[in-house]
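Only one structure is covered here, and it is reproduced in the block below.
Throughout, numbering of the chain's residues begins at 1 and tracks the sequence.
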Amino acid sequence: YYPFFSIVKNNGRQLLFNQLKREGSSYVFDLDNLKSLISSRTKALILCSPHNPVGRVWTEAELKDIAEICADNNILIFSDEIHMDVVYPPHKHNPIASLSKDISDITITFTAPSKTFNTAGLSQSLVISSNRDMLTRYNDRRNALGLMMGNTFGIEALETAYSQGSPWLDELLLYLKANRDFITDFVTNEMDMVKPIVPEGTYLYWLDFSGTGMDDKAITQKILHKAGIALDYGTMFGMGGRYHQRINFGCPRSILAEGLEKISKQFKGS
């Protein structure tokens with residue numbers, strides 16, 4: 001998720017990039033590369049779970065591999081789990097802090113109702129950790145930045161969403177899954193040079209345009225300027241996103257279908 005990059009740098013820290021590895025039509029952690037990046041100066045790992053933009057819902061075994069590396073090297077885990085509610089069967093979200101007490105004590109989890117319940121404008125989120133010292137340090141830093149005041153409407157919306165929002169979520173997941181499957185079928189049948197990376201979670205679909213033989217500029221030119229559809233171009237998320245585009249399918253299916261038709265027309269015969 002691209003805002004991670006600027007936030008780390010703007011706080012005077014250095015980024016180490018550990019790109020995911022592509023395996024067939026999915027992605028996995030590159031554990032060997034991660035180990036090679038770690039030094040005595042490595043302080044924290046940022047985990048995106050479920051992953052944005054590739055849509056992976058990490059298995060318990062995958063999370064254990066990451067957690068053990070962090071525990072062995074005294075590295076904190078900052079876990080962004082904001083898409084945790086948007087997961088499609090048979091996949092299941094596993095909070096990394098739930099693996100063990102030792103892992104919980106080195107983890108601080110960030111989440112919010114904003115993705116699930118469309119409340120981002122109310123600016124309310126959750127910061128969770130079993131490590132009281134870490135939470136104290138977090139709160140001290142937050143207060144020093146003048147961020148101690150909450151949003152009354154946001155707090156009310158958060159409580160209401162989590163206490164009364166189950167029926168909404170059940171219906172939302174059915175609709176989103178149908179949208180996801182609609183994209184998969186459409187791309188497979190109508191855009192033979194584009195590979196669909198089917199998301200296990202989130203309402204974001206990762207499309208691989210490398211089969212078109214075009215560079216990123218040409219791909220974006222066709223989609224944005226000719227088709228008139230604004231997707232997120234892959235290199236926003238790092239160089240591992242070359243030749244890819246991210247589409248948000250949290251919308252009415254009629255709009256989704258219209259957008260895909262416009263994109264498809266630009267790549268016919270490419």
Practice problem: Check whether any side-chain N or O of D192 sits under 3.5 Å from a backbone N or O of V194 as a donor-acceptor pair, and report yes or no. | Solution: no

Quiz item: Between the main-chain N or O of K43 and the side-chain N or O of R41, is there a donor-acceptor pair closer than 3.5 Å?
Solution: no

Practice problem: State plainly whether the residues R242 and D215 are in salt-bridge range, i.e. N to O under 4.0 Å. | Solution: no

Quiz item: Between Y203 and H83, what is the ring plane arrangement, given parallel below 30°, perpendicular above 60°, and tilted in between?
Solution: perpendicular

Self-check item: Candidate pair L45 and F78, rule side chain to side chain contact (heavy atoms under 4.5 Å, CB included), full reasoning
Solution: CA-CA 6 Å; L45 177 138; F78 299 159; over 6 Å; no

Quiz item: Does the pair D85 and L173 meet the rule for a side chain to side chain contact (heavy atoms under 4.5 Å, CB included), with working shown?
Solution: CA-CA 9 Å; D85 300 316; L173 290 174; over 6 Å; no

Quiz item: Between the side chains of N33 and N18, does any donor sit under 3.5 Å from an acceptor?
Solution: yes

Exercise. Can you sort out the partners of N74 under side-chain contact (heavy atoms from CB on, under 4.5 Å), two or more places apart, ordered by chain and number?
Key: none

Quiz item: Would E60 and S98 count as having a side-chain donor-acceptor pair, cut-off 3.5 Å?
Solution: no

Quiz item: Is the distance between the ring centroids of F5 and Y2 under 6.0 Å?
Solution: no

Quiz item: If we ignore angles and hydrogens, is there a donor and acceptor under 3.5 Å between the side chains of E62 and T59?
Solution: yes

Practice problem: Indicate the atoms forming the closest heavy-atom contact of I106 with I75, along with that distance. | Solution: CD1-O, 3.7 Å

Quiz prompt | Where R180 and P199 come nearest, the two heavy atoms and their spacing | solution = NH1-O, 2.9 Å

Quiz item: Is there a side-chain contact between I69 and L31, using heavy atoms and a 4.5 Å cut-off?
Solution: yes

Exercise. Write down the atom of A97, the atom of T109, and the distance for their closest heavy-atom approach.
Key: CB-OG1, 4.2 Å

Quiz item: Going from CD1 on I263 to CZ on F186, what distance comes out if it is rounded to the nearest 0.5 angstrom?
Solution: 8.5 Å

Quiz prompt | Validation row: E156, T160 side chains within 4.5 angstrom (heavy atoms) | solution = yes

Quiz item: Between the main-chain N or O of T184 and the side-chain N or O of T188, is there a donor-acceptor pair closer than 3.5 Å?
Solution: yes

Practice problem: Answer with yes or no whether the hydrophobic clustering places F17 together with F29; edges join I, L, V, M, F, W, Y residues whose side-chain heavy atoms lie under 4.5 Å apart. | Solution: yes

Self-check item: Short side-chain donor-acceptor distance under 3.5 Å, S210 and D208
Solution: yes

Practice problem: Would you check if T116 and M84 make a side-chain contact, meaning some heavy-atom pair closer than 4.5 Å? | Solution: no

Self-check item: T212 side chain vs F209 backbone, donor-acceptor pair below 3.5 Å
Solution: yes

Quiz item: Could you state the interatomic distance from NZ (K265) to NZ (K226), rounded to the nearest 0.5 Å?
Solution: 15.0 Å

Self-check item: Min side-chain heavy-atom separation D30-L20 under 4.5 Å
Solution: no

Quiz item: Do Q245 and I223 have side-chain heavy atoms sitting under 4.5 Å apart?
Solution: yes

Quiz item: Any side-chain heavy atom of I108 sitting closer than 4.5 Å to one from N131?
Solution: no

Exercise. Evaluate the side-chain proximity of L63 to L47: yes if any heavy-atom separation is below 4.5 Å, no if none is.
Key: yes

Practice problem: Step through the shown structure and confirm whether more than 12 heavy atoms of other residues, nucleotides or ligands are within 6.0 Å of CG on N118. | Solution: no

Quiz prompt | Straight-line distance of L256 CG to E261 CD, nearest 0.5 Å | solution = 10.5 Å

Self-check item: Common cluster, I183/L172, ILVMFWY with side-chain heavy-atom separation under 4.5 Å
Solution: yes

Practice problem: Take Y27 and W58 through the ring-ring contact (aromatic ring centres under 6.0 Å, His included) test and state the conclusion after the steps. | Solution: CA-CA 10 Å; Y27 290 83; W58 306 114; 9.0 Å; no

Exercise. Quick one: closest heavy-atom pair of Y205 and P196, and the distance?
Key: OH-CB, 3.2 Å

Quiz prompt | Within 6.0 angstrom of R141 CZ, more than 12 heavy atoms from elsewhere | solution = no

Self-check item: Side-chain donor or acceptor of N179 paired with backbone N/O of C251 under 3.5 Å
Solution: yes

Quiz item: What pair of heavy atoms forms the shortest contact from K92 to V87, and how long is it?
Solution: N-CG1, 4.0 Å

Quiz item: Is I197 reachable from Y1 through a run of hydrophobic residues whose side-chain heavy atoms are each under 4.5 Å from the next?
Solution: yes

Practice problem: May I ask whether V8 and M236 are part of the same hydrophobic cluster, defined by side-chain heavy atoms of I, L, V, M, F, W, Y residues being less than 4.5 angstrom apart, directly or through others? | Solution: yes

Quiz prompt | I229 side, atom CD1; K222 side, atom NZ - distance, nearest 0.5 Å | solution = 14.5 Å

Quiz item: Are E258 and K262 ion-paired here, with the side-chain N under 4.0 Å from a carboxylate O?
Solution: yes

Exercise. Please name the pair of heavy atoms, one in F237 and one in N52, separated by the smallest distance, quoted to 0.1 Å.
Key: CE2-OD1, 4.2 Å

Quiz item: More than 12 foreign heavy atoms under 6.0 Å from CZ of R13: is that the case here?
Solution: no

Quiz item: Does NZ or CZ of R246 fall inside the cone over Y233's six-membered ring, less than 6.0 Å from its centre and within 45° of the axis?
Solution: no

Quiz item: Under the ring-ring contact (aromatic ring centres under 6.0 Å, His included) criterion, do F249 and F182 qualify, and how do the steps go?
Solution: CA-CA 10 Å; F249 59 89; F182 179 84; over 10 Å; no

Self-check item: Reported CZ-to-CG distance for the pair F117 and L122, which is rounded to 0.5 angstrom
Solution: 13.0 Å

Quiz item: Does the pair S130 and D105 meet the rule for a side-chain hydrogen bond (donor to acceptor under 3.5 Å, both in side chains), with working shown?
Solution: CA-CA 6 Å; S130 62; D105 284 344; 3.0 Å; yes

Quiz item: Going by heavy atoms in the side chains, are E81 and I96 under 4.5 Å from each other?
Solution: yes

Exercise. Look up atom OG1 in T202 and atom CG in L204, then write down how far apart they are to the nearest 0.5 Å.
Key: 4.0 Å

Practice problem: Find out if a path of hydrophobic residues (ILVMFWY) with successive side-chain heavy-atom gaps under 4.5 Å connects L207 to Y243. | Solution: yes

Practice problem: Show your reasoning for whether side chain to side chain contact (heavy atoms under 4.5 Å, CB included) applies to S26 and R56. | Solution: CA-CA 8 Å; S26 188; R56 276 300 318 278; 3.2 Å; yes

Practice problem: Go through the steps for Y88 and L176 under the test side chain to side chain contact (heavy atoms under 4.5 Å, CB included), then give the verdict. | Solution: CA-CA 9 Å; Y88 308 110; L176 289 177; 3.4 Å; yes

